[in-house]
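Please read all numbers here as calculations on a predicted model, not as lab measurements.
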There are 2 protein chains.
Amino acid sequence: MHISSAGSQRAGSVWLKMPSSVWLWALSVAVLTGNLFSAAAYERTERNCSLTPPYLPSTAVNTTLQLQELRGQMLPLNISAYIIPGTDAHLVHLLSVIINPSGFKNLVCVCVCVVLISCVFFFCQSEYIASRDARMAFMTGFTGSAGTAVVTQTKAALWTDSRYWVQAERQMDCNWELEKDVSIISVAEWLISEVPPGGNIGFDPFLFSLQTQESYAMSLESSNRILKSIPVNLVDQVWKERPPLPPYNLTRLPDRVIQRTWQMKVDQIRSVMTSNPYQPTALLLSALDETAWLFNLRGNDIPYNPFFYSYTLLTLDEIWLFVHTDRVSEDLKVYLSASCTGPLCVQLKSYDSVRENLKTYVAQPEVKVWIGTEYTNYALYEIITPQEKLMTSSYSPVLTTKAVKDETEERILREAHVRDAVAVIQLLIWLEKSVPKGNVTELSAAEYVNYCRSKQKDNKGPSFETISASGPNAALAHYSPSEGTSRRLTVDEMYLVDSGGQYLDGTTDITRTVHWGTPTDMQKEAFTRVLMGNIEISQTVFPSGTSGVRIEMLGRRALWEVGLNYGHGTGHGVGNYFGVHEWPVGFQTNNIPFRAGMFTSIEPGYYKENDFGIRIEDIAVTIPVHTKYGHNFLTFDTVSLVPYDRKLIDTSLLSAKQLQWLNKYYETIRRLVGPELDKQGLHEEKDWMLRNTEPFTEAGSSASVCSSSLTLIALVFALHNVV
Amino acid sequence: MHISSAGSQRAGSVWLKMPSSVWLWALSVAVLTGNLFSAAAYERTERNCSLTPPYLPSTAVNTTLQLQELRGQMLPLNISAYIIPGTDAHLVHLLSVIINPSGFKNLVCVCVCVVLISCVFFFCQSEYIASRDARMAFMTGFTGSAGTAVVTQTKAALWTDSRYWVQAERQMDCNWELEKDVSIISVAEWLISEVPPGGNIGFDPFLFSLQTQESYAMSLESSNRILKSIPVNLVDQVWKERPPLPPYNLTRLPDRVIQRTWQMKVDQIRSVMTSNPYQPTALLLSALDETAWLFNLRGNDIPYNPFFYSYTLLTLDEIWLFVHTDRVSEDLKVYLSASCTGPLCVQLKSYDSVRENLKTYVAQPEVKVWIGTEYTNYALYEIITPQEKLMTSSYSPVLTTKAVKDETEERILREAHVRDAVAVIQLLIWLEKSVPKGNVTELSAAEYVNYCRSKQKDNKGPSFETISASGPNAALAHYSPSEGTSRRLTVDEMYLVDSGGQYLDGTTDITRTVHWGTPTDMQKEAFTRVLMGNIEISQTVFPSGTSGVRIEMLGRRALWEVGLNYGHGTGHGVGNYFGVHEWPVGFQTNNIPFRAGMFTSIEPGYYKENDFGIRIEDIAVTIPVHTKYGHNFLTFDTVSLVPYDRKLIDTSLLSAKQLQWLNKYYETIRRLVGPELDKQGLHEEKDWMLRNTEPFTEAGSSASVCSSSLTLIALVFALHNVV
């Protein structure tokens with residue numbers, strides 16, 4: 001994400017989006033207007049492969065050697081092309097949303113848009129991958145978080161979406177073509193044009209989701225090109241300096257954050273298995289948070305995510321845990337009962353042996369392996385044959401069980417949010433004081449909030465790379481500040497900060513948008529309508545079992561009314577010291593229905609290109625609600641506890657009910673955050689919090705109706721006096 | 001649907017739902033309370049196969065002979081079981097909704113409930129089938145509209161859902177088991193228990209949707225039972241008195257209701273085909289309304305639906321129309337250019353030759369046939385091989401094109417609704433006068449509304465069997481009155497009437513719920529909240545391309561707030577002289593996104609078991625709407641034009657905006673229906689309409705806020721006076 005771009009600090013984001021054809025024009029305008037760019041701004045930053053010799057910027061990576069070696073690997077395998085996705089072997093999942101990708105926070109899983117007739121597929125990846133898994137970047141030089149590379153004996157091409165085109169042109173040398181249509185169909189068409197009929201196209205099945213494999217197969221096999229699964233990664237064969245595994249051992253969660261021991265969880269999941277009519281004999285867990293959750297363990301293999309490389313095969317009477325066994329301490333072996341073989345003993349097996357072991361298991365008679373298709377890679381899927389030994393559901397019972405927090409998890413996740421609120425309040429106070437002085441940048445603000453969180457109990461660092469974005473930067477979908485793009489914060493621009501923390505007891509994620517000067521009417525209206533969306537979802541009452549996708553329009557409705565909208569999803573699950581996007585909870589089409597005890601973000605927004613961006617994000621938990629006539633209804637209880645910028649709220653747009661919700665929420669902040677601020681001795685913060693949670697008194701939209709009545713009454717009253 | 005039930009008229013619906021175990025109790029209560037049932041009520045109406053000899057009511061059908069003959073047919077084919085679905089060869093479709101089946105108006109397509117882990121499939125059928133297609137009824141005696149029968153050499157079983165259990169027990173003899181779990185898994189499990197491993201299970205592929213076949217195959221083939229497609233229907237072989245084809249010829253629509261000639265439509269669809277990246281060479285149309293729409297033709301083969309048996313294979317340079325060719329008049333042959341073979345000539349081919357002809361077409365090199373998977377039967381699907389000759393989408397481009405009405409279609413569909421409103425107003429006036437006299441029944445009310453419609457220009461009869469339901473009957477999901485169940489309408493019960501008409505220019509569908517006495521507070525609240533749901537959907541503004549499923553919760557929200565809900569869908573498309581449920585428009589998961597010019601019903605409801613039922617249904621069209629900031633937004637314009645029962649509206653629950661919508665709607669009724677009533681010289685109707693569309697003056701829910709302010713002011717005022 002750290003684009004090594006040139007350009008002055010303020011101009012950075014502009015250069016970033018500028019197509020090469022306007023370079024000369026921009027240059028002359030700059031000269032004519034006497035605008036002071038740094039000298040670096042004049043350097044041509046994108047490659048030009050049509051020149052002789054080609055022009056390559058200093059940021060381009062020479063990939064000749066690795067391409068040559070990869071091609072050497074391909075020859076003996078008789079494959080004409082090799083596909084290198086940007087993903088890793090875990091967490092591969094698809095968001096099948098109709099409207100638009102969730103473009104934020106590097107949530108790079110791009111949607112499967114089923115547009116009536118033709119299906120457009122794009123690649124989906126882990127949200128973050130470890131450096132040792134960055135095979136696409138090693139091969140191409142391109143470090144963007146979304147893409148697919150393909151290599152033949154004579155050509156090499158990279159597919160990435162529009163967010164990354166400039167970056168790719170800066171990082172790739174002329175060995176590589178850049179392809180801009182990111183559908184699998186487009187990759188397949190390219191392959192068909194480059195690979196002769198009957199030719200083999202190789203891929204690492206560990207890096208393909210079931211759906212990705214199926215899409216390629218569908219496109220290629222009807223054209224007589226053979227998709228060939230090669231379970232040994234060819235890039236790894238030529239990547240001599242591939243980063244090693246991180247040295248960290250696995251750690252177990254302290255008892256104080258646990259209600260269910262791993263043995264209880266294993267029992268719980270086994271009872272789900274035995275009660276399933278298809279009678280699975282084993283459950284294969286591929287998503288990293290599945291294994292971590294099951295054993296109450298955490299690791300440090302993936303940036304921002306406390307995961308460790310692992311698979312689990314849970315049978316009705318055995319437990320096979322596939323990990324790098326040297327990272328399991330003797331204490332942990334005792335904890336896992338690793339020296340026995342009973343139904344509650346964990347048999348440790350090498351991470352790399354999962355395929356072989358699964359094959360052995362499947363070879364037995366009368367077995368049936370249950371997999372969650374959204375998270376299982378093709379390498380494991382393809383060996384579960386014949387068909388009757390396989391049982392599938394979108395999500396494994398671990399993910400669906402984990403989605404509903406137990407009492408302890410709910411309590412501690414709420415507690416983490418109280419401490420997290422303290423950190424965010426400290427950031428907002430610091431910004432309020434420092435921004436007018438002119439010495440805060442997006443980057444330093446991001447660093448400051450990390451610093452504030454680090455002072456809170458049980459903090460384990462940020463839960464994702466902070467989005468700290470001022471003015472137009474906040475309207476960029478995937479933006480996080482870098483040296484080249486970081487803007488100075490001023491009282492003239494809106495500022496959006498989307499950040500979160502990992503705590504031993506919970507993961508947080510909150511977005512606030514603020515303005516330290518005078519917002520325009522349009523900014524106030526847009527902010528208020530985004531807030532109305534947040535409130536409308538938060539206060540809605542719905543039957544338990546309702547899918548998020550059926551209520552997420554409430555987050556958009558106030559915007560729709562005036563012709564505004566936003567192009568990302570409205571919320572995602574969060575967990576207890578897990579990934580900040582915890583599937584399968586949320587408001588997308590493929591999320592599971594809401595039950596009591598699920599935590600989700602609610603995050604409507606509005607983005608005006610080249611101008612500003614607004615997002616208001618809170619975490620809320622589904623709780624049972626008493627209704628006049630019915631049972632089994634739910635509503636949301638907001639657990640993020642930071643007040644919204646009062647300056648940006650136009651209360652005349654709010655309904656009486658919305659205003660009432662807002663005041664009640666502010667009461668909650670006072671009730672919960674107040675004592676925490678007292679406990680931490682933070683008097684300035686307490687004053688700020690109280691000031692910013694003063695109840696609103698204006699009567700909302702019904703006010704206009706009432707006020708005219710009041711005017712009438714006043715008139716009568718005046719007349720009366722006259723009489 | 002005409003249940004030949006015993007019981008007195010008033011008690012009918014109670015008996016209908018009564019499990020056999022409470023018969024004796026009910027009988028004794030009836031005797032004790034001296035309640036006067038007709039003698040027939042004492043007759044035991046359900047079979048008892050455990051007695052010796054078995055007890056069979058007079059309504060049971062002796063099926064021994066047909067079973068014997070069917071088993072004779074099965075023997076030479078070496079099949080151990082034969083599956084007989086209740087469907088026909090056309091319109092097979094699935095509603096994949098998460099919550100609940102749309103249980104109304106014989107919309108028998110029951111949902112695919114994807115409940116986290118296990119998929120439960122049920123059978124889907126045409127909404128209405130012709131008597132000659134009622135094979136399940138012929139074999140079993142059971143005439144309900146949903147079910148599947150299976151016959152082996154020794155056993156026979158019927159699966160149907162809870163709505164039909166009593167009916168099945170009354171109509172079937174003891175040759176048949178009744179099975180109550182209607183999932184395909186349940187049928188498959190039964191088959192696995194009855195058919196030995198390796199055994200063949202036969203089915204008529206014309207009666208299976210792709211999804212049905214896949215579900216059976218998945219369940220059976222993993223257990224080594226072979227699902228065998230037998231394209232000649234075995235029931236037809238033994239059904240000696242199978243009703244013949246109706247004698248009606250096909251008819252063409254008059255020019256005044258058409259904007260696009262069939263040649264223009266063919267051009268339009270071909271251009272969709274050529275612009276598709278998969279390059280289909282042919283389009284296969286299986287749904288009856290696809291062919292009828294394409295050629296601007298109508299027929300009379302299916303009750304309530306102006307369809308004719310047909311398939312079309314539209315290639316880029318030929319048109320093959322599969323019909324019963326003797327029903328095509330010479331005039332029509334000229335109209336269809338049936339004597340030539342060019343790209344705009346229709347080649348007539350025998351209806352029964354579709355499979356053979358398709359096979360011939362597919363055998364050619366370089367062809368690719370596009371099918372809509374929701375409406376194509378397995379008999380045609382299975383012969384499109386190999387895979388690369390097939391192209392699929394959920395709906396054919398004819399259905400998606402047809403979903404957006406052209407200007408003429410929109411105009412005439414609106415006009416049909418004006419005339420339809422006259423008929424419904426006449427019904428409501430007649431009921432208002434006649435019900436207090438005590439001589440109206442559900443059946444006579446249903447007949448009356450048909451009569452009123454028949455007097456309107458271009459009427460072609462009802463568009464479905466009228467749901468005319470009083471009191472508790474209105475709470476039954478699939479209710480239409482019969483001799484046995486029809487209640488007398490009284491001022492003490494709510495009454496629901498859901499009816500529609502076929503007109504040359506459009507199909508209508510409207511539901512009104514009324515009360516001629518004093519409704520309870522709960523009835524008023526429920527009615528008002530249903531109305532609020534209707535209004536909330538109708539007035540919402542949303543981006544073009546939004547799926548109905550994303551906004552349908554607005555129809556439920558006011559009910560959810562107090563813990564109420566309803567168990568059916570919220571709306572479906574309607575067409576111009578077509579089926580009253582016109583797919584793929586509507587609010588279900590598998591409906592297509594809304595674009596301007598689509599007509600859908602909006603029909604929230606509330607049902608209190610054994611007490612009353614409320615539904616308010618209007619047809620609305622999506623229209624572009626001007627917004628403050630954006631473009632390409634839509635809203636609904638309601639085209640059904642009948643006022644709601646004022647007595648049932650509690651205006652204090654309505655928001656100011658809802659009340660405003662209601663008053664504007666009433667203005668529209670006056671503006672559009674007034675002149676039509678004048679034109680038809682209907683003075684009483686005009687007066688009634690004007691009386692019932694008086695604007696509401698109460699200030700809505702904001703009133704309560706205001707009124708307290710007003711109280712305060714009054715208080716101040718009073719104090720002031722005192723001072």
> For Ile192(A), enumerate each residue passing the side-chain contact (heavy atoms from CB on, under 4.5 Å) test, keeping only those at least two apart in sequence or located in another chain.
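side-chain contact (heavy atoms from CB on, under 4.5 Å) list for Ile192(A), sorted by chain: Leu220(A), Ser223(A), Arg225(A).
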> With respect to chain B, which residue among Arg557(A), Met553(A), Glu388(A) yields the maximal number of heavy-atom pairs within a distance under 4.5 Å?
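Max contact count across the listed options: Arg557(A).
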> Using modelled atom types and a 3.5 Å cut-off, is there a donor and acceptor pairing between side-chain atoms of Thr635(B) and backbone atoms of Thr540(B)?
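Side chain of Thr635(B) to backbone of Thr540(B): a pair is present.
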> What part of Glu561(A) gets closer than 4.5 Å to chain B, counting heavy atoms only: side chain, backbone, both or neither?
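Both backbone and side chain.
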> Do Ser547(B) side-chain atoms and Arg550(B) backbone N/O form a donor-acceptor pair below 3.5 Å?
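The answer is no, because no donor-acceptor pair under 3.5 Å joins these two groups.
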> Would you call Glu536(A) and Arg556(A) a salt bridge, taking side-chain N to carboxylate O under 4.0 Å as the test?
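No.
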> Considering residues at least two apart in sequence or located in another chain, which fulfil the side-chain contact (heavy atoms from CB on, under 4.5 Å) criterion with Gln279(B)?
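If we apply the side-chain contact (heavy atoms from CB on, under 4.5 Å) test to Gln279(B), skipping adjacent residues, there are no hits.
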> May I ask you to say whether Glu525(A) pairs ionically with Lys628(B), meaning some side-chain N is under 4.0 Å from a carboxylate O?
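Salt bridge: yes.
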> Is it the side chain or the backbone of Leu554(A) that comes within 4.5 Å of chain B heavy atoms, both, or neither?
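The side chain, not the backbone.
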> With a 4.5 angstrom heavy-atom cut-off, is it the side chain or the backbone of Thr546(B) that approaches chain A, or both, or neither?
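Contact with chain A is through the side chain of Thr546(B) alone.
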> Given a strict heavy-atom distance threshold of 4.5 Å, which part of Phe542(A) is in contact with chain B: side chain, backbone, both, or neither?
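Both parts, backbone and side chain.
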> So which of Glu189(B), Met522(B), Lys389(B) has the largest heavy-atom pair count under 4.5 angstrom toward chain A?
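Counting heavy-atom pairs under 4.5 Å, the top option is Met522(B).
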> Quick one: of Val541(A), Val562(A), Ile551(A), who has the most non-hydrogen atom pairs under 4.5 Å with chain B?
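That would be Val562(A).
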> Which answer fits Lys608(B), side chain, backbone, both or neither, if we ask what part of it has an atom under 4.5 Å from a heavy atom of chain A?
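Contact with chain A is absent: no heavy atom of Lys608(B) under 4.5 Å.
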